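None of the values given here were measured: they were computed from a predicted structure.
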Amino acid sequence: MSAGAGRPRLVVLRALGLGDLLTAFPALRALAGAFPGHHRILAAPAPLAPLALASGAVDEVVPAAPLAPLPDALAAPDVAVNLHGCGPRSHRVLLALRPRRLVAFASAEAGVAGPRWRPDEHEVARWCRMLGEEGIPADPTRLELDPGGPGPGEPPPPAGATVVHPGAASGARRWPAERFAAVARAEAAAGRRVVVTGDAGDLPAARRIARLAGLPDADVLAGRTGLMALARTIAAAGRVVCGDTGVAHLATAVDTPSVVLFGPVPPALWGPPPDRPRHRALWRGRTGDPHAAATDPGLLAIGVDEVLAALAALPAPPPAAVASVAPGGGR
């Protein structure tokens, strides 16, 4: 934390997951514009640091776990911003730093005044509105991400492929592997290369999908790519099909056409913004527990034929997509 010596500090709390970070990009960029002379520090999970820095909105990422105390070295910042939740626990994490100013939603329990939380608000719009009501104009359309070109020794991502991403943070948001396999098989039969992505925990499902769809082992990328390599894979893809998870937000950020399957949570809260015509959100109008272990009934109501029809209706990816992720290139 020495890089910002002599500059006032702004500390932002967003100690959540990949999709949470990507939906906060517009708010983070608004803060960067409002506090250009501050050293801007994001408290977030360490694995997200490369992506957060790629946003251009933060100077430093300090590893943080949800609602855990922050390091003493962050104490007494000029400004603290709660992009984590509506309090009171997340408010108290930042209040413990003794900031000169706290920007946050109102919480009577934490003794914090501020804008009113709206439970039915889209996640992107929510944080932009909070900042706007605090005198910090924010543009909710600033979701873009430039993942850059491959790093040293990193192979170029497969250009124009269909990305199948079966993983999600909870079982409630995981469409069955057999159905993803049927989609992958149809995409391969149409002459498209199909790759299956995910983290190491998704590897069993990814291998099952590949086996059922007749895909080669080399096209199972699950567990083999870091976060930025995954972002470049999504940026180079021709299309993405996934559940309500961080990869859906990556597709939005890099403008790769996508079909996103929603179950317990409506796309009006977490889906692609309506001004993004390259993306299709499928939802059967049912809500449930997004943290449940079993696949949500609403998600199960979405069939393979419906997904294939949505994929067929997607517009073509931007012409520059392939060139922009070539070795040494940027986006």
Applying side chain to side chain contact (heavy atoms under 4.5 Å, CB included) to V58 and V12, what does each step give before you reach the verdict?
CA-CA 9 Å; V58 299; V12 181; 6.0 Å; no
Within the side chain of [X], is there an N or O that forms a donor-acceptor pair under 3.5 Å with the backbone of [Y]?
X    : Y    : value
R98  : P77  : no
R40  : A57  : yes
T256 : A251 : no
R179 : W175 : no
H84  : A15  : yes
R207 : V220 : no
S258 : H279 : no
R185 : L212 : yes
H39  : D59  : no
R280 : V307 : no

Looking at side-chain heavy atoms only, is the closest gap between [X] and [Y] below 4.5 Å?
X    : Y    : value
P26  : D139 : no
P157 : P150 : yes
L67  : R89  : yes
V259 : R239 : no
L97  : V11  : yes
V196 : D219 : no
P266 : T287 : yes
L48  : L227 : yes

Which heavy atom of [X] sits nearest a heavy atom of [Y], and at what distance?
X    : Y    : answer
L143 : F25  : O-CD2, 4.0 Å
A172 : L299 : O-CD2, 3.6 Å
R173 : A168 : O-CB, 3.6 Å
G37  : P8   : O-CD, 3.9 Å
G243 : V260 : O-CG1, 3.5 Å
I209 : A177 : CG1-O, 3.5 Å

Starting at [atom1] of [X], measure out to [atom2] of [Y] and round the result to the nearest 0.5 Å.
X    : Y    : atom1 : atom2 : result
L203 : R208 : CG    : CZ    : 14.0 Å
M130 : C86  : CE    : SG    : 11.0 Å
D255 : L145 : CG    : CG    : 11.5 Å
I302 : L261 : CD1   : CG    : 4.5 Å
R92  : N82  : CZ    : CG    : 12.5 Å
C128 : I136 : SG    : CD1   : 11.0 Å

Partner set under ring-ring contact (aromatic ring centres under 6.0 Å, His included) for H38, not counting sequence neighbours
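By the ring-ring contact (aromatic ring centres under 6.0 Å, His included) rule, H38 matches F35.
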Between V164 and V195, does the side chain to side chain contact (heavy atoms under 4.5 Å, CB included) criterion hold? Intermediate values first, please.
CA-CA 6 Å; V164 171; V195 298; over 6 Å; no
Connected via hydrophobic side-chain network under 4.5 Å: [X] and [Y]:
X    : Y    : result
V241 : L22  : no
L53  : L31  : yes
L282 : V240 : no
L28  : V79  : yes
V61  : L230 : yes

Any carboxylate oxygen within less than 4.0 angstrom of a Lys/Arg side-chain nitrogen, looking at [X] and [Y]?
X    : Y    : result
R116 : E133 : no
R193 : E187 : no
R101 : D78  : no
E121 : R129 : yes

T197-H165 side chain donor-acceptor pair, cut-off 3.5 Å:
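There is such a pair between these side chains.
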List the steps and the verdict of salt bridge (Lys or Arg N to Asp or Glu O under 4.0 Å) for E60 and R9.
CA-CA 11 Å; E60 182 181 356; R9 288 175 301 136; over 6 Å; no
Could you walk me through whether H91 and S107 satisfy the side chain to side chain donor-acceptor pair (under 3.5 Å) test, starting with their C-alpha distance in whole Å, then the side-chain angles of each, then the deciding distance to 0.1 Å, before giving a yes or no?
CA-CA 8 Å; H91 287 9; S107 170; 4.7 Å; no
Could you list the residues that satisfy side chain to side chain contact (heavy atoms under 4.5 Å, CB included) with E123, not counting sequence neighbours?
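R14, T23, R126, W127, W270.
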Taking side chain to side chain contact (heavy atoms under 4.5 Å, CB included) as the test, write out the residues that go with D199, two or more places apart.
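Once residues adjacent in sequence are excluded, the partners of D199 under the side chain to side chain contact (heavy atoms under 4.5 Å, CB included) criterion are D202.
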Step by step, work out the side chain to side chain contact (heavy atoms under 4.5 Å, CB included) result for L131 and E134.
CA-CA 5 Å; L131 294 182; E134 289 291 305; 5.6 Å; no
Atom CG of D275: over 12 foreign heavy atoms under 6.0 Å
yes
Evaluate the side chain to side chain contact (heavy atoms under 4.5 Å, CB included) criterion for residues V194 and V163: first the C-alpha distance (whole Å), next the side-chain angles of each, then the deciding distance (0.1 Å), finally the verdict.
CA-CA 6 Å; V194 179; V163 170; over 6 Å; no
